[in-house]
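Atom set for the values below is all heavy atoms of this structure, side chains included, hydrogens, waters and symmetry mates excluded. Throughout, residue positions are numbered sequentially from 1 according to the sequence presented.
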Amino acid sequence: MVEAPKKDEEDYDKTFTKVEIESEFPGGAAARLRYLNKNLRYPDDAVNNEIQGTVVVQFIVDKEGNVSDVNAISGPESGGLREEAVRAIKKSGKWTPAVQNGRQVKSYKKQPIVFKLEAQ
């Protein structure tokens, strides 16, 4: 009898970049959008200088759904948009963890956040 190689427990302790089921905000995309619309504040500096754009925030969602290592990896450098996007993600509470091979795993998540000024 030949057994398939067993996955080491350590494999599930690493941080995954690709997973079968992505981690997500509780309630899915619609709930995430509602949360961001309610909690994001457009920084005054960005409004006064007419700075807008998309900030991509990368972070880790662990096996319990906790968010950590939140960083803005792209987006406007000035106006405070990156800092505001990071603040909002840090406050977002527990997420639904990613799943790999039927197990909850720690994974990287990238979240674009669009800052757009209303046309006057």
Side-chain angles (χ1 to χ4, degrees):
M1 181 170 111
V2 178
E3 282 189 36
K6 288 198 171 37
K7 281 267 188 197
D8 290 339
E9 281 298 313
E10 287 132 38
D11 285 352
Y12 293 102
D13 289 336
K14 70 179 186 176
T15 304
F16 285 77
T17 49
K18 289 226 181 300
V19 290
E20 292 165 350
I21 302 170
E22 284 280 342
S23 57
E24 71 170 359
F25 190 81
R32 183 184 67 234
L33 275 175
R34 276 195 306 276
Y35 166 79
L36 290 174
N37 285 334
K38 207 164 102 181
N39 291 282
L40 273 180
R41 289 191 288 279
Y42 215 115
D44 290 339
D45 190 25
V47 172
N48 296 337
N49 293 294
E50 296 182 7
I51 299 167
Q52 54 187 352
T54 301
V55 176
V56 177
V57 180
Q58 179 177 284
F59 53 99
I60 292 174
V61 178
D62 71 13
K63 295 178 198 178
E64 286 78 45
N66 300 308
V67 171
S68 65
D69 295 355
V70 184
N71 293 297
I73 57 173
S74 70
E77 295 281 341
S78 58
L81 299 183
R82 286 179 171 217
E83 293 78 3
E84 178 58 13
V86 166
R87 184 196 67 77
I89 293 294
K90 282 183 175 175
K91 271 188 61 190
S92 65
K94 279 198 188 280
W95 286 51
T96 304
V99 174
Q100 184 69 21
N101 296 325
R103 302 174 73 154
Q104 292 184 338
V105 294
K106 188 170 157 182
S107 69
Y108 285 103
K109 179 82 175 170
K110 284 185 183 165
Q111 178 66 53
I113 297 176
V114 179
F115 287 88
K116 191 164 173 39
L117 291 166
E118 295 294 315
Q120 297 299 318

Trainee: Over all heavy atoms of both residues, which pair between Gln52 and Leu117 is shortest? Give the atoms and the distance, please.
Mentor: OE1-N, 2.7 Å
Trainee: Mind checking side chain to side chain contact (heavy atoms under 4.5 Å, CB included) for Glu84 and listing every partner two or more places apart, or none if nothing turns up?
Mentor: Leu40, Arg41, Pro43, Arg87, Phe115
Trainee: Write down the atom of Lys106, the atom of Thr15, and the distance for their closest heavy-atom approach.
Mentor: CE-OG1, 3.1 Å
Trainee: Side-chain heavy atoms nearer than 4.5 Å, only ILVMFWY residues, links allowed to pass through others: does that put Val47 and Leu36 together?
Mentor: yes
Trainee: Minimum heavy-atom separation for Gly53 and Leu81, please, with both atom names.
Mentor: N-CD1, 4.2 Å
Trainee: Hey, can you pull the donor-acceptor pairs under 3.5 Å for the side chains in residues 23-34, sequence neighbours left out?
Mentor:
unit_1: Arg32; atom_1: NE; unit_2: Gln111; atom_2: OE1; d: 3.2

Trainee: Do the numbers put Lys110 on top of the ring of Tyr108, so that NZ or CZ is under 6.0 Å from the six-membered ring centre and no more than 45° off the axis?
Mentor: no
Trainee: Side-chain heavy atoms under 4.5 angstrom apart, residues restricted to Ile, Leu, Val, Met, Phe, Trp, Tyr: same cluster for Trp95 and Val86?
Mentor: yes
Trainee: For Glu64, check side chain to side chain contact (heavy atoms under 4.5 Å, CB included) against everything at least two apart and list the hits.
Mentor: Asp62, Asn66, Lys94
Trainee: Do Val99 and Val105 belong together in a cluster built from hydrophobic side chains that touch within less than 4.5 Å?
Mentor: no
Trainee: Search all heavy atoms of Val19 against all heavy atoms of Ser107 and return the closest pair with its distance.
Mentor: CG1-CB, 4.1 Å
Trainee: Hydrophobic cluster membership, with links at side-chain heavy-atom distances under 4.5 Å among I/L/V/M/F/W/Y: are Phe16 and Ile60 in one?
Mentor: no
Trainee: Mind checking what makes side chain to side chain contact (heavy atoms under 4.5 Å, CB included) contact with Ser78, not counting sequence neighbours?
Mentor: Ile51
Trainee: Does Asn101 offer a backbone N or O that forms a donor-acceptor pair with the side chain of Glu20 under 3.5 Å?
Mentor: yes
Trainee: In Å, rounded to the nearest 0.5 Å, how long is the span from NZ of Lys90 to CG of Asp69?
Mentor: 9.5 Å
Trainee: The criterion is salt bridge (charged side-chain N to carboxylate O under 4.0 Å, His left out); which residues satisfy it with Glu77, sequence neighbours excluded?
Mentor: Arg82
Trainee: Taking all non-hydrogen atoms of both residues into account, name the closest pair between Pro76 and Val55 and its distance.
Mentor: CD-CG2, 4.1 Å
Trainee: Under the side chain to side chain contact (heavy atoms under 4.5 Å, CB included) test, which residues partner Asn71, sequence neighbours left out?
Mentor: none
Trainee: Write down the atom of Asp45, the atom of Gly79, and the distance for their closest heavy-atom approach.
Mentor: OD2-CA, 3.5 Å
